[in-house]
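Some notes on the structure that comes next.
Just so it is clear, the values below take in all heavy atoms, side chains as well, and ignore hydrogens, waters and symmetry mates. Proteins get letters first, then strands, A, B, ... in listed order; numbering begins at 1 in each.
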Amino acid sequence: MSRPFSPKVVTASDLLEGDVIYLAADDTWVRDLAQAEVLTDEADADLRLLLAQSQPHRVVGAYLGDVRPGPDGIEPAHFREAFRRRGPSNYAHGKQEAYADV
Amino acid sequence: MYEYTEFDRAFLAERNAQFRAQVERRISGALTEEEFRPLRLMNGLYLQLHAYMLRVAIPYGTLNSAQMRQLALLADRWDKGYGHFTTRQNIQYNWPRLRDVPDMLDALAEVGLHAIQTSGNTIRNVTADHFAGAAADEVADPRPYAELIRQWSTDHPEFQFLGRKFKIAITGAEADRAVIRAHDIGLQITEQDGTRGFRVVVGGGLGRTPMIGQVIRDHLPEADLLPYLEAILSVYNLLGRRDNKYKARIKIMVHEHGIDEVRALVEDRFARIRPTFTGHDRQVLQDIARHFAPPAFDRAPTDAFDAGYAADPVFRSWADTNVAPHKAPGYGIVSISLKAHGATPGDATAEQMRVMADLARTYAHDELRISHEQNVILPHVHKAHLPAIHATLKAHGLATANIGLISDIIACPGMDYCALATARSIPIAQEIAMRFEDLKIEHDIGPLKIKISGCINACGHHHVGHIGILGLDRAGVENYQITLGGDATETAALGERAGPGFSAEEIVPAIERLVHAYLDLRETPEETFLQTWRRLGLAPFKAALYPAQAVAAE
């Protein structure tokens, strides 16, 4: 039996800014994981990744990142993705900086 | 200090214009990422976890105050107000935007700096002893040779597409402060029978297969430097493996073929290309060497130093720990620690960069150095100026008296920034430094080098740390392996793995147990951690690291 498909999001780096972005259900790119489209079907995920990879003028290095349900919505399944979502731990830079401004 | 010629300036301007056009073509869609990637890497531009990263070369670690001020300007104008100095004498900016990078490179060119060949499968920034030209134990200043190698290797058509990156380090002293035995090629200036030459070491490197370099020529005549380097590179370019990137470094070639076979091939190649070097390189070297004449050293009394040393214990501690012997009477070499307890190793704010630049201009013959240990050096300081320098450093968080001590930690950026990392390095370094600062025992512990890498690629030199820490991903959790007994100097050695790794919560207490064990085990307060390790080996340290297992085994 094949392993069950764990939920994923399409994530990449923005070509101009270099920051972390996620693919939303309306085909736009968003900077907040909470607004990303969660993919629970493998075939669907592959199609969404193909869409991302067809936008080299907009994004770099698109891939499928594992997510899981958390108390406040989806959260990254791996600590690497958690750092990408938040920013570095030595300064409040990156995405956590943007959140602090809100 | 080397000053760019018209040729150098024109070359760099052309190169920067070329890269600007490449960036524009990438943004317009004319270049794919696959096409653009090798071009941006050749110009020091990475794409990391949160942003682009621009790695700027500080050739052989030497800067003047104008260059340091320009590094500060880049940090303020195009980054987040700081820069990160690395183990290869580079500075990294962690937050540039793609459109801004050509402007950053143009700003660097204004002061004779660049990011060329700070990445990619080319000959990288040539590193050197950070005490070069100042050290009391030096045969000769290695920097003219380093500059010659920089000019020779920059855009060298034969070596732009090597099997893998290639790193050269050079020292002019027997005491190795440049880790030459862990480089693809290490060079040491030597004198034999009154003639100058080089001990040439080849095949060293850290990473996933760490190796200590081996001597391929014990005394290469000085005039043969470039043709011999070219011979080594040429043999590597053809013989080195390209089937597997993890086996593509020259260390693997030397390991698989043996140093004797490699030496024979290099000598054969050398014999063929030596005649093509007809003296132009010698002329260029002479021109370069003129730029590195020692400054006019002052002959002043050191009363101000003596008075400060007697009166102020904080200054005394700093002077004892951070000032090294200089070749000129009355002078010292100042190491400015970028390792304030709890700070990120190697980071300096733009303001701190400007402060250090001003100190260099006012008191230190306008020279600064960046060490591979991620500190900043004022190489030529008359001791009379030390109290004033210390006071200024103190006012800007730069007077930590910890050079060579347990909190003077090398740490790579780790998973806080690096796309290759498997775990974080910086928070571990911060916690260790804070822990031993709280205990107030780091001066009692004495010389102890901790080096931390956030992945197997070993940018943090963990294999050659007295205590090395390697961060790994174990089933989705950060895990830290300890190696012991590594040595980065002329008595180079690779550390021995101590046992199973520790979690992020366990690693600092484990280091504390290790250090307390050393304090109990040393025969005298003068016996260093490394000496105790060499006397006793792994067993007593392992028992301290894994007390539960030790009890179980009894």
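Comparing B/Thr344, B/Ile27, B/Leu31, B/Asp100 by heavy-atom pairs within less than 4.5 Å of chain A, the highest count is held by B/Thr344. Per-residue counts of heavy-atom pairs under 4.5 Å with chain B were compared for A/Arg84, A/His57, A/Arg58; the largest is that of A/Arg84.
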- Check the pair A/Glu97 / B/Lys80 against side chain to side chain contact (heavy atoms under 4.5 Å, CB included), numbers first and verdict last. CA-CA 11 Å; A/Glu97 190 174 30; B/Lys80 292 187 187 289; 2.9 Å; yes
- Message: What verdict does the side chain to side chain contact (heavy atoms under 4.5 Å, CB included) test give for B/Thr422 and A/Phe79, after you've listed the backbone C-alpha separation in whole Å, the side-chain angles of each residue and the deciding distance to 0.1 Å?
- Response: CA-CA 10 Å; B/Thr422 44; A/Phe79 61 90; over 6 Å; no
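If you measure heavy-atom distances from B/Val477 to chain A, the contacts under 4.5 Å come from the backbone alone. If you measure heavy-atom distances from B/Pro96 to chain A, the contacts under 4.5 Å come from the backbone alone. Contact of B/Tyr52 with chain A is made through backbone and side chain together, with heavy-atom distances under 4.5 Å. Residue contact with chain A, scored on non-hydrogen atoms closer than 4.5 Å, involves the side chain of B/Ile426 exclusively. Contacts of B/Ala419 with chain A are made by both backbone and side-chain atoms, with heavy-atom separations under 4.5 Å.
When the heavy atoms of residues 33-43 of chain B are compared with those of chain A, the residues falling under 4.5 Å are B/Glu33, listed by number. The interface of residues 13-26 of chain A with chain B, defined by heavy-atom distances below 4.5 Å, comprises A/Ser13, A/Asp14, A/Leu15, A/Leu16, A/Glu17, A/Gly18, A/Asp19, A/Val20. When the heavy atoms of residues 59-66 of chain A are compared with those of chain B, the residues falling under 4.5 Å are A/Val59, A/Val60, listed by number.
For B/Arg25, the CZ atom is densely surrounded, since the number of other residues' heavy atoms within 6.0 Å is greater than 12. Other residues, nucleotides and ligands contribute over 12 non-hydrogen atoms within 6.0 Å of the CZ atom of B/Arg20. Counting non-hydrogen atoms of other residues, nucleotides and ligands closer than 6.0 Å to OH of B/Tyr246 gives a total of 12 or fewer.
When each of B/Met415, B/His50, B/Arg424 is paired with A/Pro88, the side-chain contact (heavy atoms from CB on, under 4.5 Å) condition holds for B/His50 and for no other.
Listed by chain and residue number, A/His93, B/Tyr82 satisfy the ring-ring contact (aromatic ring centres under 6.0 Å, His included) test with A/Tyr91 (two or more places apart in sequence, or in another chain).
Taking CG of B/Asp416 as the reference point, atom CG of A/Asn90 lies at 5.5 Å (rounded to 0.5 Å).
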